S.K.: 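Next up is a structure, given as structure tokens.
Owing to the predicted nature of the structure, the values given are computational and were not obtained by experimental measurement. Residue numbers begin at 1 in each chain, while the letters A, B, ... track the order of the sequences.
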Amino acid sequence: MSLDATELGRRIRKIRENRGFTQQDLADLLGIPRPAMVQIEAGNRSLSSVELMKLSKELGFDPKDLFAEVFDEDQDSVTVLFRSDSEMATNHQLNQAVSHWSVLCRQFTELEKLVGADRKFISPAVYELVPPGSKWEAIQQGNIIADYERGRLKLGTAPLPDLPEIIEGQGVRVGRLPLEDCISGLFLADDKNGLAILVNAEHSEQRQLFSCAHEYGHLLFDRKEKATISRRAEREKLNEIRANSFAATLLLPEEGVREFLMRAGKSRDLFQIQEIYDEEGQSVRAQRRSAAEPFSVQFYDVVHLAFYFGVSYESALWRLKSLKIISEEEREELSSREESAREFRTLLWRQSGRQERIQGGNFQHKLLMLALEAYRLGEISKAKLREIGATLEVPSHQIDAFSRRSEPAETAEGPLLPS
Amino acid sequence: MDVATDTCVLINLAVVVRLDLLKVVPPYIFHAPTEVLDEIEDLDQRATVDQAIAAGHLDEVKLDQPGELGLYVSFNATLGKGESACLALGKGRGWAIATDESKDPKWKKVISGAGFAIINTPGILLASIRAGALTVTAADEIKTKLELRRFKMKFDSFASLI
């Protein structure tokens, strides 16, 4: 479609308003006076390609959308996020992170299509549940679906050290970027960005794993909303409670926790029963009940449990309480031992030599691989490959080295002149 | 004839410090889109190009018409920003394109398939000889220098083309 400057200006104004920016904000972004921005929106001043691409990058929109036959910005998940979250426009770090993440996700989607690896047919299940009417219902829904997902994905009761990989296997992009401390993560879900989870890279490794599971829960339950940000201040909302319950159960499945404690001899509430059958079908039952005091859960048990399942000490405590393995008083007492727990965990970590569970840059590596493949197949040019490399902070000389094998060994130019 | 100049041609001529040739090969008027200039990473080469612009050997051009911007973002889905700017000018304004990237299958396919008028570094050197702005010996010296930088030409000497 060929559109005129007035329509282009109108569309830019719409994007700006949807994101809660002022004309002064955009003028500052472009380094031009506010009246010039007013003129751009009115169609009286032209917008250069460099300015357009800058706006697109900073505001997180696809520049191709501006020139589409039908301009439907409202369907974009980044727009939804900006409109639903009043802080997006004023919080520079957040808005930068979301825009950057969206650029990468859209690039990923386009490259997948170019190399024929379109994952639109591979996506996680959708659970269209009745919205929870109470906290109790929210917790129950989260628990049930987490157990169901473990079963559906054949995960058993074991820890999920590679949860991001598992989620990516469901067609979801998983990324990590620094966000404000009060934000644990967010998700985007639309055709252009695909299904995407972003977790706060500033948080501890255990918390990131929890956030990853939490956002995955949102994708399963709340995908229709297209985007949400998970903030500490909103943890009382029912859909946040449901996603938290989902994450806790997914990462610390009841059966797995009980098995772990059983192995550690900490099965206070469980009878230990052994039965032996003879050839006449008679059984002899041996039963031992754990005495409360000698087997009560200690801080180092919780550290070990948390370490085993890759969650934080506090998460493990809350999970033990929700499973009624410890009381509220015990949780409080164990929580007060957090410093000892931290030291013990450090020791455990050092001795185990275990790698971080949330590996950095998986998504970026996959994006680079897709770009190299697209270049090899002749779907993108070398300059585009370098451009994608630059967004991933891979220098062009490295990109050239990676792509050299896909190129003809030797070429020579004859003179070309227009006739 | 207006020509949108891609990065590789500018770099080749910057390396041999002969960007002045762009001014002496009528009927061509060379323009460098801002996106192309931004792709020159080597600071010395960029300085040489900036000096050539200041001397009027070529000029910087910005894409700012809505139709051109639409073409540009569409090309940029699979091509670099500099390439996309050149193609948008080629298609939007009917300009020729100066480029050397024959090693790149995608770029080669795009520029050869859409009926763009193309000029390359050997073509500029040949046109300069024909215009009397460059001797065959000087052109062959440039050829040797560029070949040391892995830019090969299909012929032994410009003498064979005259």
Side-chain angles (χ1 to χ4, degrees), chain A residues 1-9 11 40 43 45-53 56 62-68 106-107 110-111 113-114 374-388 390 395-397 403-404 406-419, chain B residues 1 3 6-7 28 33-35 38-39 41 62-74 76-85 88 96 98-110 116-127 147 150-155 158 161:
Chain A
M1 174 196 176
S2 71
L3 77 171
D4 59 19
T6 309
E7 177 59 16
L8 183 61
R11 291 180 177 193
I40 287 173
R45 177 205 186 268
S46 57
L47 179 76
S48 76
S49 50
V50 174
E51 290 169 334
L52 170 65
M53 297 311 270
S56 151
D62 184 345
K64 288 197 292 301
D65 289 348
L66 277 178
F67 302 92
R106 284 200 313 266
Q107 187 66 75
E110 289 189 7
L111 287 171
K113 285 179 185 160
L114 288 172
Y375 176 64
R376 188 185 71 81
L377 294 172
E379 295 291 346
I380 62 171
S381 71
K382 177 67 151 290
K384 183 67 186 179
L385 176 63
R386 286 188 187 135
E387 204 177 291
I388 295 170
S396 54
H397 68 86
S403 59
R404 201 157 289 142
S406 308
E407 293 166 355
E410 192 80 12
T411 55
E413 300 265 349
L416 290 172
L417 283 167
S419 50
Chain B
M1 177 184 279
V3 182
D6 196 13
T7 321
Y28 309 114
T34 308
E35 286 81 358
D38 289 345
E39 282 179 356
E41 292 176 355
K62 290 183 194 298
L63 276 74
D64 57 7
Q65 296 307 304
E68 291 170 356
L69 295 179
L71 288 169
Y72 169 75
V73 297
S74 161
N76 188 225
T78 55
L79 301 169
K81 288 192 169 84
E83 293 165 342
S84 303
T99 182
D100 283 324
E101 277 304 349
S102 65
K103 265 171 84 173
D104 184 332
K106 174 69 182 178
W107 179 238
K108 198 172 178 180
K109 190 173 157 189
V110 172
F116 292 109
I118 305 295
I119 183 168
N120 61 2
T121 302
I124 291 168
L125 297 176
L126 181 61
E147 288 187 336
R150 298 198 298 181
F151 181 79
K152 307 283 183 200
M153 297 190 200
K154 274 182 183 169
F155 47 89
F158 278 92
L161 306 174

S.K.: Let me confirm one number: the CD-OG1 distance from A:E51 to B:T34, rounded to the nearest 0.5 Å.
M.R.: 10.0 Å

S.K.: Do the non-hydrogen side-chain atoms of A:L8 and B:L69 ever get within less than 4.5 Å of each other?
M.R.: yes

S.K.: Look up atom NZ in B:K154 and atom CD in A:E413, then write down how far apart they are to the nearest 0.5 Å.
M.R.: 7.5 Å

S.K.: When rounded to the nearest 0.5 angstrom, what distance separates OG1 in B:T78 from CG in A:L111?
M.R.: 10.0 Å

S.K.: I'd like to know whether CD of B:E41 has more than 12 heavy-atom contacts from other residues, nucleotides or ligands below 6.0 angstrom.
M.R.: no

S.K.: With no hydrogens and no angle check, is any side-chain donor or acceptor of A:K384 less than 3.5 Å from a backbone partner on B:N76?
M.R.: yes

S.K.: For the atom pair CZ (A:R45) and CG (B:D64), what is the distance rounded to the nearest 0.5 Å?
M.R.: 9.0 Å

S.K.: Let's test your reading of the structure: which of A:R386, A:E110, A:R106, A:K64 forms the most heavy-atom pairs below 4.5 Å with chain B?
M.R.: A:K64

S.K.: Hey, is the main chain of A:K382 close enough, under 3.5 Å, to the side chain of B:D104 for a donor-acceptor pair?
M.R.: yes

S.K.: Relative to chain B, which segment of A:L114 carries a heavy atom at a distance below 4.5 Å: side chain, backbone, both, or neither?
M.R.: side chain

S.K.: Go through the atoms of B:F151 and report whether side chain, backbone, both or neither lie under 4.5 Å from a heavy atom of chain A.
M.R.: side chain

S.K.: Going through the checks in order, is the side chain to side chain contact (heavy atoms under 4.5 Å, CB included) test met by A:E387 and B:L79?
M.R.: CA-CA 9 Å; A:E387 204 177 291; B:L79 301 169; over 6 Å; no

S.K.: Hey, does A:P63 have a side-chain heavy atom less than 4.5 Å from the side chain of B:Y72?
M.R.: no

S.K.: Measuring heavy-atom distances to chain A, does B:K81 have an atom under 4.5 Å in its side chain, in its backbone, in both, or in neither?
M.R.: both

S.K.: Is B:Y28 close to chain A through its backbone or its side chain, or both, or neither, when contacts mean heavy atoms under 4.5 Å?
M.R.: side chain

S.K.: Output, in order, the C-alpha distance, side-chain angles, deciding distance and verdict of side chain to side chain contact (heavy atoms under 4.5 Å, CB included) for A:F67 and B:L71.
M.R.: CA-CA 9 Å; A:F67 302 92; B:L71 288 169; over 6 Å; no

S.K.: Pick one of side chain, backbone, both or neither for B:A77, based on which atoms fall under 4.5 Å of a heavy atom in chain A.
M.R.: both

S.K.: By a 4.5 Å heavy-atom criterion (distance strictly below it), what part of B:L161 contacts chain A: side chain, backbone, both, or neither?
M.R.: side chain

S.K.: With sequence neighbours excluded, what pairs up with B:E39 under the salt bridge (charged side-chain N to carboxylate O under 4.0 Å, His left out) test?
M.R.: none

S.K.: With a 4.5 angstrom heavy-atom cut-off, could you sort out which part of B:I118 is near chain A: side chain, backbone, both or neither?
M.R.: both

S.K.: If the condition is salt bridge (charged side-chain N to carboxylate O under 4.0 Å, His left out), which residues does B:D38 pass it with, not counting sequence neighbours?
M.R.: B:R46

S.K.: Within the distance-only criterion (no hydrogens, no angle test), does the side chain of A:D4 pair as donor or acceptor with the backbone N or O of B:P66 below 3.5 angstrom?
M.R.: no

S.K.: Highest number of heavy-atom pairs under 4.5 Å with chain A: which of B:G80, B:A117, B:A96, B:S74?
M.R.: B:G80

S.K.: Would you call A:V50 and B:K62 a side-chain contact if the rule is heavy atoms closer than 4.5 Å?
M.R.: no

S.K.: If every non-hydrogen atom of A:G414 is compared with every non-hydrogen atom of B:F155, which pair is closest and at what distance?
M.R.: CA-CE2, 4.4 Å

S.K.: Measure the spacing between CD of B:E35 and OG of A:S48 and express it to the nearest 0.5 Å.
M.R.: 7.5 Å

S.K.: Please flag which part of A:L417 lies under 4.5 Å from any non-hydrogen atom of chain B: side chain, backbone, both or neither.
M.R.: both

S.K.: Can you say whether B:E68 sits under 4.5 Å from chain A via the side chain, the backbone, both, or neither, judging by heavy atoms?
M.R.: neither

